[in-house]
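All remarks here apply to the structure that follows.
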Amino acid sequence: MCGDLRKEATGKEVILMGWVNNRRDHGGVIFIDLRDYTGLCQIVFGNQHDANSFERADTLRSENVIAIKGIVADRADNMINPKMVTGEIEIFVTELKILNTCKNLPLQISDEQQEVNEKTRLKYRTLDLRRPAMQENLMLRSKAAQVVRNFFYDSQFFEIDTPFLTRSTPEGARDFLVPSRVNPGKFFALPQSPQLFKQMLMISGYDRYFQIVKCFRDEDLRGNRQPEFTQIDIEMSFTDQAQVISVVEKMVQKLFKETINVDVQLPIIQMTYAEAMDDYGVDAPDLRYDLKLKDVSSIIKGCGFKVFSGATDKGGIVKTIMVPNGSSLSRKELDDFTDFVKIFKSKGMAWAKINEDGWQSPIAKFFTEEEIQAINEKTGAKPGDLILFGADTSKIVNDSLGNLRKEIAKKLGLVNDDVFKFVWVTDFPLFEYDETEKRYSSSHHPFTMPVIEDLEKWGETDPSKIKSIAYDLVLNGVELGGGSIRIHQKEIQEKIFKLLNLSDQEIKEKFGFFIESLEFGAPPHGGLAFGFDRIMMFLNKTSSIRDVIPFPKTQQASCLLTEAPSDVALDQLKELGLAIRKSNQ
RNA sequence: GGAGCUGUAGUUAAGAUUGGUUAUAACGCCGGCCUGUCAAGCCGGAGGCCGCGGGUUCGAGUCCCGUCAGCUCCGCCA
């Protein structure tokens, strides 16, 4: 292949096929860099090598597809190109076959300097994917998938596939629906994950399962979220949290080693959800930098500043971020931070610059010397430092300061993308209270095993206090994957459904098949699912999920290449028993 | 559903504060010259619905309103 030839091949006759990356026409001699997925190789056309191909090489243009026969030649010392791995040799072309031509290009394949607009890239994805950078991304993805497969196969996991046409389930994300022609008026749903199927495989006795599988969720897109995405899905029987974690982190270690040669130290540290929220304000903390949040609620309780004391009086909290040497930040930068926290429903952000003689702060006058001392002590602030305050409900304070912490780290240059800080976050609450719908919903999913003592103690009175046996693997502030030990007893599963406000009839209708499966000797089991695309974002060092997915959707969930989704013929609808309603009422 | 950023030759950008002759550059493309380049070089050339629609104005790429698209984020994502 083009990128493989070295000095050792000198004198050999070779056949190369590929794309014209670049043509340099000197009149009497024409140089072409020929490209395939392995790289570039310079081929030389000249009268002395072959008059016929030299003449026709005049017509070659970028991205023409050609096949050549030629002799590998050693380059003289002053002609070696140290920038190319094949730079010590070139091919004297003796025969040229033009396999295809190419129209003028909407984006340049060979120019890696020029960042092309993403709209253009997605519209001409075929060409975008021909760019070496994208080829590297997708080839690494292929390699990663192989490493994962080999790891699990070697660890006695079975790769078993599960259906894409399955039934819609309540809870969770919106389903993508697929109408059934054979059963007019009825619909399949594409799986949000193979959750129930893998659990049923455990019940069927397959002991250990994995799958690299597409999942579908009809929710709004983000820089790291696509409507169809790929999970590394894992389930194990007769297991517990420690064992799942232990197996999975070995996989992660192997994956990072064999793809990007990064050593992941095992065991990966663990922290509870409560610790993560306390110290970082988020359930997926970035541990590459410190900037921990400190709760100063008890200090400011009853202080003269009504915004703070009012927040704690109403059951809220006041937390701080101490920015070392942060007092050099300008008023404008602090205003930007204030605007930033407003995204997260925070009403504002107070700040205090620490001087030798006390606080320089709009709110300093509201605090006694003792309170100031206590806050300085709690936050560890010294002269030259800066303290930022958030006061509101704990959700808003954690949300805004947790995200502000990341923002500050970015701004101060504390974020090093060559560092990989993994952490397991454990002991998640089983439920979250949904304020808008006034009910509880599962933090993980409804099949997560609760801590049984919690369930007995709080089940009737305060379900939000129930913890679950669930765990997330977080890397640099991003959730890579999450899992749990599952409920394997019918009674507990039914109890959880009830707490989720599902009626007996709904339970029977939606999950009857699963509940019944549990009754036929379900073993204890648990597992985890990774976002494969997100892992690939780290391995490829990209911040866009679209750079690791060959044919992604735009934020409006459309494909600019195929123009999907599209209208369909009336006949198709008719056959499915469907009609499109004009208005959206 | 909401907020912000962006949209100008094939591509990437400048021009937008302060409205004013023919909208500028680089790369790419086309033609010519050239036997050692490798981001080749030199000479010449073509290429524009300034996202779209409306408004203000004697005059709009530039100001105003609307709209569409791409991106980032909030909500949403068990």
Side-chain angles (χ1 to χ4, degrees), chain A residues 21-34 40-49 54 58 61-63 73 75-76 78-84 86-87 90 102-124 127 169-175 192-193 195-196 215-227 229 339-346 396 399-400 403 407 428 430-432 434-437 440-448 468 470 479 482 484 496-497 500 529 531 543-544 546 553-556 558 560:
Chain A
N21 191 66
N22 187 2
R23 186 178 71 123
R24 294 177 294 278
D25 184 348
H26 286 243
V29 61
I30 295 173
F31 299 100
I32 280 176
D33 293 333
L34 193 65
L40 296 172
C41 181
Q42 174 165 285
I43 61 177
V44 185
F45 293 87
N47 246 327
Q48 67 275 39
H49 308 307
F54 171 63
D58 196 46
R61 293 296 180 271
S62 286
E63 302 306 309
R75 294 201 207 179
N78 60 341
M79 293 177 197
I80 288 174
N81 183 355
K83 283 186 250 171
M84 285 169 77
T86 57
E90 59 194 352
C102 178
K103 291 209 298 186
N104 282 349
L105 295 160
L107 54 89
Q108 281 153 245
I109 312 292
S110 54
D111 191 349
E112 292 288 321
Q113 325 290 339
Q114 198 161 285
E115 278 286 315
V116 179
N117 186 319
E118 189 144 8
K119 215 195 274 187
T120 310
R121 289 179 53 197
L122 291 176
K123 180 165 181 198
Y124 299 97
L127 292 173
T169 52
E171 292 252 341
R174 278 185 207 93
D175 285 319
Q192 297 177 24
S193 89
Q195 184 60 33
L196 292 179
C215 302
F216 306 86
R217 293 177 192 176
D218 188 5
E219 295 295 344
D220 287 353
L221 291 83
R222 285 288 188 283
N224 63 0
R225 253 166 46 193
Q226 284 272 310
F229 61 99
D339 287 341
F340 181 82
V341 295
K342 282 179 182 161
I343 298 172
F344 303 92
K345 305 254 174 359
S346 183
I396 290 176
D399 256 10
S400 52
N403 284 289
E407 183 72 9
F428 279 79
L430 187 67
F431 298 119
E432 288 164 355
D434 187 322
E435 289 292 343
T436 49
E437 300 202 15
Y440 288 99
S441 64
S442 296
S443 338
H444 187 51
H445 58 52
F447 318 104
T448 302
S468 63
E479 181 198 329
S484 61
I496 298 299
F497 283 144
L500 288 169
S543 57
S544 169
R546 296 177 299 281
K553 308 285 185 287
T554 69
Q555 196 163 53
Q556 293 303 309
S558 68
L560 297 181

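All chains are named by letter (A, B, ...) in the order of the sequence lines, taking the proteins before the strands, and each is independently numbered beginning at 1. Just so it is clear, the model here is predicted, and its values are computed rather than measured.
- Ring orientation note: the planes of A/Phe31 and A/His26 are nearly perpendicular, at an angle over 60° on the 30°/60° scale.
- Side-chain contact between A/Lys345 and A/Asp399 is absent, with no heavy atoms from C-beta onward closer than 4.5 Å.
- For the pair A/Val116 and A/Phe31, both in contact range of RNA chain B, the more 5′-proximal nearest nucleotide belongs to A/Val116.
- The side chain of A/Phe344 lies closest to B/C74, out of B/C74, B/C71, B/C29.
- If you take CG of A/Asn104 and C1' of B/A46, they are 12 Å apart, rounded to a whole angstrom.
- Rounded to whole Å, atom P of B/G1 lies 15 Å from atom CG of A/Leu221.
- Distances shorter than 4.0 Å separate some side-chain N or O of A/Arg24 from OP1 or OP2 on B/A40.
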- Message: Please determine whether salt bridge (Lys or Arg N to Asp or Glu O under 4.0 Å) holds for the pair A/Asp220 and A/Arg225, giving the CA-CA distance in whole Å, both sets of side-chain angles, and the decisive distance to 0.1 Å.
- Response: CA-CA 8 Å; A/Asp220 287 353; A/Arg225 253 166 46 193; over 6 Å; no
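- By the 4.5 Å heavy-atom criterion applied to side chains, A/Gln108 and A/Ser62 are not counted as neighbours.
- In this structure, A/Ser62 reaches the sugar-phosphate backbone alone: every heavy-atom distance under 4.0 Å involves primed, P, OP1 or OP2 atoms, never a base.
- Nucleic acid contact class of A/Ser443 (heavy atoms, under 4.0 Å, all strands): sugar-phosphate only.
- When atom types are taken as modelled, the side chain of A/Gln192 and the backbone of A/Ala173 share a donor-acceptor pair closer than 3.5 angstrom.
- Between B/G61 and B/C5, the distance separating the two P atoms is 23 Å to the nearest Å.
- A/Pro106 comes within contact range of the sugar-phosphate backbone alone, with a heavy-atom separation under 4.0 Å but no base atom that close.
- One P atom belongs to B/U24, the other to B/G41, and the distance between them is 24 Å to the nearest Å.
- At B/G70, one or more side-chain N or O atoms of A/Ser558 fall inside 4.0 Å of OP1 or OP2 (strictly under the cut-off).
- In this structure, the side chain of A/Ser400 engages the main chain of A/Ile396 through a donor-acceptor pair within 3.5 Å.
- Between the NZ atom of A/Lys119 and the C1' atom of B/A13 there is a distance of 16 Å, given to the nearest Å.
- A/Arg546 comes within contact range of the sugar-phosphate backbone alone, with a heavy-atom separation under 4.0 Å but no base atom that close.
- Atom-to-atom, CD of A/Glu90 to C1' of B/U35 comes out at 12 Å; the value is rounded to the nearest Å.
- B/C71: Watson-Crick or G-U partner is B/G4, with both key distances under 3.5 Å.
- Comparing B/C29, B/G70, B/C38 by their closest approach to the side chain of A/Gln42 singles out B/C38.
- Checking B/C33 for Watson-Crick or G-U wobble geometry (two distances, each under 3.5 Å) identifies B/G41 as its partner.
- As the counterpart of B/G66, B/C52 is assigned, both hydrogen-bonding distances of the Watson-Crick or G-U wobble pattern falling under 3.5 Å.
- Below the 3.5 angstrom threshold, one finds no donor paired with an acceptor across the side chain of A/Asp220 and the base of B/C76.
- Residue contacts for A/Glu432: at a heavy-atom cut-off of 4.0 Å it reaches no nucleic acid atom on any strand shown.
- Using a 4.0 Å heavy-atom criterion, one finds that A/Asp25 contacts the bases of the nucleic acid, with or without backbone contacts as well.
- Rounded to an integer number of Å, the gap from A/Asn22 CG to B/G41 P is 10 Å.
- Contact annotation for A/Gly223: backbone-only contact, meaning every heavy-atom pair under 4.0 Å involves sugar-phosphate atoms and none involves a base.
- Between A/Lys83 and B/A39 there is a side-chain polar atom (N or O) within less than 4.0 angstrom of OP1 or OP2.
- Residue-nucleotide stacking is not present for A/His26 and B/G36, judged by a side-chain ring centre under 5.5 Å from the six-membered base ring centre and planes under 30° apart.
- Picking from B/C71, B/C38, B/U12 the nucleotide with the shortest atom distance to the side chain of A/Gln114 gives B/U12.
- Taking the P atom of each, B/C58 and B/G75 are spaced 49 Å apart, rounded to whole Å.
- The base of B/C77 lies close enough to the side chain of A/Arg225 for a donor and an acceptor atom to sit less than 3.5 Å apart.
- A/Ser193 contributes no side-chain N or O that, together with a main-chain N or O of A/Cys215, makes up a donor-acceptor pair within less than 3.5 Å.
- Using P as the reference atom, B/A13 and B/C71 are 15 Å apart when rounded to the nearest Å.
- Residue contacts for A/Leu560: at a heavy-atom cut-off of 4.0 Å it reaches the sugar-phosphate backbone alone, with no base atom in range.
- Side-chain atoms of A/Arg23 stay outside donor-acceptor range of the base of B/U37, with no qualifying N/O pair under 3.5 Å.
- As a whole-Å value, the separation of A/Arg121 CZ from B/U6 P is 20 Å.
- What separates CZ of A/Arg174 from P of B/C77 is a distance of 8 Å, to the nearest Å.
- If you check distances only, the side chain of A/Gln556 never reaches the base of B/G70 with a donor-acceptor pair under 3.5 Å.
- Counting non-hydrogen atoms under 4.0 angstrom, A/Gln192 reaches nothing in the nucleic acid.
- A distance-only check finds a donor-acceptor pair linking the side chain of A/Glu219 to the backbone of A/Arg174 [under 3.5 Å].
- If you check B/G61 for Watson-Crick or wobble pairing at under 3.5 angstrom, you find it has no partner at all.
- Of the residues near RNA chain B, A/Thr120 and A/Arg61, the one whose nearest nucleotide (by heavy atom distance) lies more toward the 5' end is A/Thr120.
- Between the CD1 atom of A/Ile43 and the P atom of B/A40 there is a distance of 15 Å, given to the nearest Å.
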